[in-house]
Visitor: 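Let me begin by handing over the structure; questions about it come next.
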Amino acid sequence: MVRADQKPGRRRADPAPRTRRSPRPETGAVGPKPKLRLPRPVLRRGLSWRALTALWLTLGALGIIAVGVAWTPLAVPRYVPLAGAVTLTTALAFALAARTGGRALISAAVTLGLAGSAAISQAPVMLAGAAVGTAVLAAVFAVMNTKPAARFVGVVREVGLAILIAVVGAFAVEAYEAQVSLERVGYLVLGLSLLSALGLVYRLGAGLHGLGKRGFVMLVSGIGLLTVTLAYTEALARWGSPGLIESIDATYESVRATIGAVPRPIEVLLGFPALAWGVSTRARRRQGWWVCTFGVAGLSTVAVSLLDPSVPLLESGLTLVYSAVLGLAFGYLVIRADLFLTGPRGRRARRLEEASAHRPEPGRLQPLL
């Protein structure tokens with residue numbers, strides 16, 4: 001039927017029926033459904049994440065004080081730094097498991113049992129295993145605890161925090177007083193740390209299919225540089241001519257006498273630059289996790305740096321400072337070269353990209369997975 005006031009051939013759509021919203025049961029007012037507040041995450045029997053974090057920080061501080069008091073003129077019993085080392089090892093295991101989405105309480109309990117057994121039994125093999133495990137936990141957790149940073153000031157902050165965690169691990173490793181070979185322990189900690197970090201980053205980077213061309217270039221470059229550095233060092237030590245070795249030793253002693261310490265090549269050329277580049281890249285792409293993996297190459301050497309009794313603490317500190325400064329300078333050049341080749345042209349465009357680069361990641365005290 002066509003009405004008189006309506007043109008033929010066109011039909012007016014019927015108005016949609018109005019639906020009345022159901023009133024709220026409390027007040028009877030008409031309005032949208034109220035949002036439900038979800039409870040805060042609770043781990044076990046009402047123990048909140050914030051309370052557990054505060055407990056972890058407290059135990060970590062007590063462990064640092066216990067292992068640090070052994071370096072003071074105070075006469076303390078042997079069990080004080082040893083108990084601090086066990087506490088720090090347990091705290092690192094809990095933090096790494098919580099950060100990577102694992103079972104933090106179970107990991108801490110197992111680590112406490114193993115490290116405590118080593119400290120009580122004083123078995124050389126168990127003490128060596130506890131020292132190696134602590135170094136690996138410190139190096140891997142130092143990398144996993146970083147956050148993306150678009151600007152270089154933030155990159156320096158994240159690398160400095162990672163170095164601080166590795167230094168804490170170094171004091172805990174030394175407190176076990178394990179009788180080990182420095183060269184073998186260095187290679188073992190480096191290999192275990194790198195494999196563990198690669199396994200975790202494989203999960204964070206959504207597997208190899210999320211690697212991409214950029215991530216593939218980063219991964220291959222890191223593996224190649226690490227292989228060349230280690231192979232050249234080993235070949236020089238074994239098959240180098242006596243004249244060349246004497247010349248290198250003389251240069252080493254000359255630099256050491258002049259500035260008090262000599263930077264470590266693996267930290268300057270690979271570890272710290274890779275970590276800085278990866279932290280900067282993660283602000284834009286998740287493939288930055290793959291290059292962050294090679295940051296454990298430098299952090300693992302820091303974690304075992306206090307095992308050599310012939311090197312005083314002041315020289316170890318100066319070596320770390322020189323390595324960090326040179327490594328960050330090299331990392332700055334790598335970041336700028338990366339932005340120049342792949343980023344927008346012009347200073348203003350780069351500033352805009354830095355301001356807009358905010359790839360989200362969970363907070364520092366939240367699990368990544």
Side-chain angles (χ1 to χ4, degrees), residues 56-57 59-71 80-100 104 107-108 110-112 114-116 118-119 126-146 158-178 180 182 185-197 200 264 266-267 271-272 275 292-309 311 313 316-317 319-321 323-324 327 364:
W56 176 79
L57 292 175
L59 292 178
L62 293 176
I64 293 173
I65 295 173
V67 298
V69 75
W71 294 86
V80 174
L82 195 58
V86 174
T87 303
L88 288 177
T89 303
T90 306
L92 288 172
F94 174 85
L96 181 60
R99 182 66 170 163
T100 55
S107 301
V110 173
T111 305
L112 177 61
L114 295 175
M126 296 188 68
L127 287 175
V132 170
T134 303
V136 172
L137 290 173
V140 177
F141 175 66
V143 172
M144 294 299 157
N145 198 43
T146 57
E158 296 301 321
V159 175
L161 180 60
I163 292 175
L164 181 61
I165 295 174
V167 168
V168 172
F171 279 99
V173 170
E174 193 276 336
Y176 282 106
E177 295 184 359
V180 294
L182 298 179
V185 166
Y187 284 126
L188 181 60
V189 171
L190 174 59
L192 292 177
S193 301
L194 187 59
L195 291 177
S196 301
L200 292 173
R264 301 185 187 94
I266 194 171
E267 297 176 7
F272 298 154
L275 185 59
C292 276
T293 302
F294 297 95
V296 300
L299 297 173
S300 61
T301 59
V302 175
V304 298
S305 59
L306 297 181
L307 287 177
D308 191 357
V311 179
L313 182 61
S316 297
T319 301
L320 179 58
V321 171
S323 301
R364 201 181 303 278

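We count residues from 1, following the sequence as given. All values reported here derive from a predicted model rather than from experimental measurement.
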Visitor: Looking only at heavy atoms, what is the nearest atom pair of Val86 and Ala119, with distance?
Guide: CG2-CB, 3.8 Å

Visitor: Please round to the nearest 0.5 Å and tell me the distance separating atom OG1 of Thr293 and atom CE of Met144.
Guide: 6.0 Å

Visitor: Of all heavy-atom pairs between Tyr176 and Ala85, which one has the smallest distance, and what is that distance?
Guide: OH-O, 3.4 Å

Visitor: Which distance, rounded to the nearest 0.5 Å, do you find between the CG of Leu92 and the CH2 of Trp56?
Guide: 7.5 Å

Visitor: For the atom pair CG (Leu192) and OG (Ser300), what is the distance rounded to the nearest 0.5 Å?
Guide: 10.0 Å

Visitor: Mind listing the closest non-hydrogen atom pair of Val304 and Ala135 along with its distance?
Guide: CG1-CB, 3.9 Å

Visitor: Measuring only between side-chain heavy atoms, which start at C-beta, is Val189 closer than 4.5 Å to Val173?
Guide: no

Visitor: Got a second to check how far Leu190's CG is from Leu194's CG, nearest 0.5 Å?
Guide: 6.5 Å

Visitor: Search all heavy atoms of Leu299 against all heavy atoms of Ala162 and return the closest pair with its distance.
Guide: CD2-O, 3.8 Å

Visitor: Using every non-hydrogen atom in the two residues, find where Gly84 and Ala66 come nearest and quote the distance to one decimal.
Guide: CA-CB, 3.6 Å

Visitor: Are Leu96 and Leu200 close enough, and set up right, to give a side chain to side chain contact (heavy atoms under 4.5 Å, CB included), and what steps lead you there?
Guide: CA-CA 10 Å; Leu96 181 60; Leu200 292 173; 4.3 Å; yes

Visitor: Applying side-chain hydrogen bond (donor to acceptor under 3.5 Å, both in side chains), name anything that partners Glu267, two or more places apart in sequence or on another chain.
Guide: Arg264, Thr301, Ser323

Visitor: Just how far is it from atom CZ of Phe272 to atom CD1 of Ile266, taken to the nearest 0.5 Å?
Guide: 10.5 Å

Visitor: Ignoring hydrogens and geometry, is there a side-chain-to-backbone donor-acceptor pair from Thr146 to Val143 under 3.5 Å?
Guide: yes

Visitor: Could you point out which residue of Leu59, Leu137, Ile64, Leu62 forms a side chain to side chain contact (heavy atoms under 4.5 Å, CB included) with Leu88?
Guide: Ile64

Visitor: Which heavy-atom pair separates Val180 from Ala128 by the least distance, and what is that distance?
Guide: CG1-CB, 3.5 Å

Visitor: Find the distance between CD1 (Ile163) and CG (Leu320) and round it off to the nearest 0.5 Å.
Guide: 5.5 Å

Visitor: Compare all side-chain heavy atoms of Phe171 with those of Leu313 and state whether any distance is below 4.5 angstrom.
Guide: yes

Visitor: Would you please name every residue forming a side-chain hydrogen bond (donor to acceptor under 3.5 Å, both in side chains) with Thr134, sequence neighbours left out?
Guide: Thr89

